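Since the structure comes first, as structure tokens, the remarks are kept for the end.
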Amino acid sequence: MKPRKAAVKSIGSIISDSQNKFFIILMNWSKIVGKSNAKMMMPVELKQKTLEIALPNNIVLAATSKFSPLITKKANLCAGEDSVQKLKFIIEPAYFKKEKTEKIKSDPQTIELTEEDIYQKKQELIDKFGLEESIAVIAAKIELLNIKRGQND
């Protein structure tokens, strides 16, 4: 007894022509609109030669609408001539996840200053600028901390 050959259906018989063209557009989206724009624009549906594109807000809509003819042209180059005749933009912020910037807890480094270093720097500042002793101590600590931080970077 011979095994029966499974009937293989073509992709075209499983999905409609419009869906097929939409998948082609979806797979080539970053080529159509550019990598950075692809993060702010998402093709949602191709129905009756109208490509629906989701955008996160009105600011992106204002910038994007200027490039409608170019987007249409590039989509047609990918999906086939006359696949897309017009674009429909919808504002759908939920489609776009906001990348949260992770707060990095900085571990403050304690920089040790010796009394001898402070005394030497204080004397240097008094001699050089004629500063009062209390001001010279503060200035010496600041200057020494800056020097030490520079060495740690």
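Just so it is clear, the structure is predicted and the values come from calculations on it, not from any experiment.
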[X] (side chain) donor-acceptor with [Y] (main chain) under 3.5 angstrom:
| X | Y | answer |
| --- | --- | --- |
| S68 | S65 | yes |
| N76 | E81 | no |
| W29 | K35 | no |
| N28 | K31 | no |

> Between T64 and M41, is any pair of side-chain heavy atoms under 4.5 Å apart?
Replying inline: yes
> Just wondering, do K122 and E133 contact through their side chains at under 4.5 Å, heavy atoms?
Replying inline: yes
Which value, rounded to the nearest 0.5 Å, describes the distance between [X] atom [atom1] and [Y] atom [atom2]?
| X | Y | atom1 | atom2 | value |
| --- | --- | --- | --- | --- |
| E45 | Q19 | CD | CD | 9.0 Å |
| K73 | C78 | NZ | SG | 12.5 Å |
| N37 | I32 | CG | CD1 | 12.0 Å |
| I24 | L46 | CD1 | CG | 10.0 Å |
| L113 | I111 | CG | CD1 | 7.5 Å |
| F89 | L51 | CZ | CG | 8.5 Å |

How close do [X] and [Y] get, heavy atom to heavy atom, and via which atoms?
| X | Y | answer |
| --- | --- | --- |
| A54 | V44 | CB-CG2, 3.6 Å |
| L26 | P43 | CD1-CG, 3.6 Å |
| F96 | L55 | CE1-C, 3.4 Å |
| P56 | I91 | O-CG2, 3.8 Å |
| A140 | L125 | N-CD1, 3.5 Å |
| A136 | I126 | CB-CG1, 3.5 Å |

> Taking NZ, NE, NH1 and NH2 as the nitrogens, is one of them in K47 or E52 under 4.0 Å from a carboxylate oxygen of the other?
Replying inline: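 E52 and K47: not salt-bridged.
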> Do M40 and I71 sit in the same hydrophobic cluster, where Ile, Leu, Val, Met, Phe, Trp and Tyr count as joined when their side-chain heavy atoms come under 4.5 Å apart?
Replying inline: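 Yes.
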> Do L61 and L87 share a hydrophobic cluster (ILVMFWY, side-chain heavy atoms under 4.5 Å, transitive)?
Replying inline: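 Yes, L61 and L87 fall within the same hydrophobic cluster.
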>> Given I142, which partner from the list N146, L144, L145 fulfils the side chain to side chain contact (heavy atoms under 4.5 Å, CB included) test?
In response: N146
>> Could you walk me through whether K141 and I118 satisfy the side chain to side chain contact (heavy atoms under 4.5 Å, CB included) test, starting with their C-alpha distance in whole Å, then the side-chain angles of each, then the deciding distance to 0.1 Å, before giving a yes or no?
In response: CA-CA 6 Å; K141 288 179 181 178; I118 296 170; 3.9 Å; yes
> For V84 and T50, what are the C-alpha separation, side-chain angles and deciding distance, and is it a side chain to side chain contact (heavy atoms under 4.5 Å, CB included)?
Replying inline: CA-CA 6 Å; V84 178; T50 299; over 6 Å; no
